[in-house]
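Scroll down for the structure; my scribbles are underneath it.
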Amino acid sequence: MNSITEYFSEFFRLLRTIQLADIADLILVTILVYKGIQLIRTTSTARIAKAVVLILLVTWMTELLNLHVLNYLLGRVMELGLIALVVLFQPELRRAVERVGSASIREVLSPRERNKEINNVISQTVIACEAMSREKIGALMVFERASRLDEYFKTGTVIDGRVSEQLIRNIFFPKAALHDGAMIIRDGRVTAAGCVLPLSANQQLSADLGTRHRAGVGISEVSDAVVVIVSEETGTISVAVGGMLKRHLAPRTLERLLSNELAPEQEPKKRFKLPIPWKKDKAGKDGTNEK
């Protein structure tokens, strides 16, 4: 009983010694850890992170077992590894620095500007999809989230343009050079178009689904991207998330769904909950040959 009392007494004594600088220090460390977790959420960086953790564990074990030579070699590997990690994560670090440098103080301190940008991207996308659906123009748009899609950029053409209805429709115009590939949207900008995506090997998908839909489902299986697909055959609008395909979406439903997936930090009243859970598309659902 006395030990518990002494523990709490010591705890409250230390609590009274906390200063403003200590609180700021904890907040900054928390932000850095959170950003670090976001950084390693991608498939490639997750493998690197696992390798680093494994080396740290082995280094710790060699120190406990007094394996001095092996411990020394692993220590040198870790020193060089820090430089290697900076080289490996150079694109991510550069994007982070550029984003901070280009953002105004108001944007850094308040998420409202970011939400406004996302809402504009969603609005322009929905308008373009509604027009392409009416005209039966095929489209495949990938909204990148935490998982980086750099490897797929190399298969297309770099655009780096502001998302707009006109740009989307021009890219997917049937006679345009990039209309058969996928458009990748990152940070509110059309980063690349004409990209080649991996096809889904899911046997439960309808046999009537064409390459465009299978590519959309495929990229959603290997990343956390949100994929919007417009059928060239029927004009049907679909969305793929996490390997699941939701078809026959009305423009208003598409807008609410994208808002829910791409801007989840907004107020609950602005979010949309699907009336039914995501389901894998089954064979013979509508008997159309969608491309």
- Heavy-atom side-chain proximity of S231 to K136 below 4.5 angstrom: no
- Under 3.5 Å: donor-acceptor pair, side chain of H179, backbone of I171: no
- Message: Test of understanding: clusters of I, L, V, M, F, W, Y form through side-chain heavy atoms closer than 4.5 Å, transitively. Do M132 and L167 belong to the same one?
- Response: yes
- Query: Would you say the side chain of C129 lies within less than 4.5 Å of the side chain of V228, judging by non-hydrogen atoms?
  - Reply: yes
- Query: Is the backbone N or O of N119 less than 3.5 Å from a side-chain atom of S123, with the two atoms forming a donor-acceptor pair by type?
  - Reply: no
- Residue pair N170, E165: steps toward the side-chain contact (heavy atoms from CB on, under 4.5 Å) verdict: CA-CA 9 Å; N170 285 339; E165 174 203 359; over 6 Å; no
- Side chains of I137 and R169: closer than 4.5 Å at any heavy-atom pair? no
- Query: Would E221 and S200 count as having a side-chain donor-acceptor pair, cut-off 3.5 Å?
  - Reply: yes
- Task: Take atom CZ of R189 as the centre, draw a 6.0 Å sphere, and report whether it contains more than 12 heavy atoms from other residues, nucleotides or ligands.
- Result: yes
- Query: So, do I122 and S259 sit near enough that their side-chain heavy atoms are less than 4.5 Å apart?
  - Reply: yes
- Message: Taking S220's backbone N and O only, do any of them form a donor-acceptor pair with S223's side chain (distance below 3.5 Å, no angle check)?
- Response: no
- Side-chain (T253) to main-chain (L249) donor-acceptor, under 3.5 angstrom: no
- Query: Would you call P198 and I219 a side-chain contact if the rule is heavy atoms closer than 4.5 Å?
  - Reply: yes
- Kindly indicate whether the side chain of L178, heavy atoms from C-beta on, has any atom under 4.5 Å from the side chain of I159. yes
- Item | Side chain proximity check, Q124 to R162, heavy atoms < 4.5 angstrom | no
- May I ask whether L73 and L54 are part of the same hydrophobic cluster, defined by side-chain heavy atoms of I, L, V, M, F, W, Y residues being less than 4.5 angstrom apart, directly or through others? no
- Message: Is there a continuous path of hydrophobic side-chain contacts, each under 4.5 Å between heavy atoms, that joins I127 to L140?
- Response: no
- Pick one: which of V190, V163, T191 meets side-chain contact (heavy atoms from CB on, under 4.5 Å) with M183? V190
- Task: To the nearest 0.5 Å, tell me how far F143 CZ sits from I184 CD1.
- Result: 12.0 Å
- Query: Going hydrophobic residue to hydrophobic residue with side-chain gaps under 4.5 angstrom, can you get from V29 over to L26?
  - Reply: no
- Salt bridge between R145 and D187, side-chain N to carboxylate O under 4.0 Å? no
- Message: Please report the interatomic distance OG1(T62) to NE2(H68), rounded to the nearest 0.5 Å.
- Response: 10.0 Å
- Taking L245 as the fixed residue, which of V239, N202, L209 is the one that meets the side-chain contact (heavy atoms from CB on, under 4.5 Å) rule? L209
- Item | Contacts of type side chain to side chain contact (heavy atoms under 4.5 Å, CB included), residue E130, not counting sequence neighbours | R134, P251
- Quick one: does H213's side chain have a donor or acceptor within less than 3.5 Å of a partner on G210's backbone? no
- Message: Starting from F153, can I reach V222 by hopping between I/L/V/M/F/W/Y residues whose side chains sit under 4.5 Å apart?
- Response: yes
- Message: Could you work out, with side chain to side chain contact (heavy atoms under 4.5 Å, CB included) as the rule, every residue matching L56, not counting sequence neighbours?
- Response: V52, M78
- Between the main-chain N or O of V196 and the side-chain N or O of T155, is there a donor-acceptor pair closer than 3.5 Å? yes
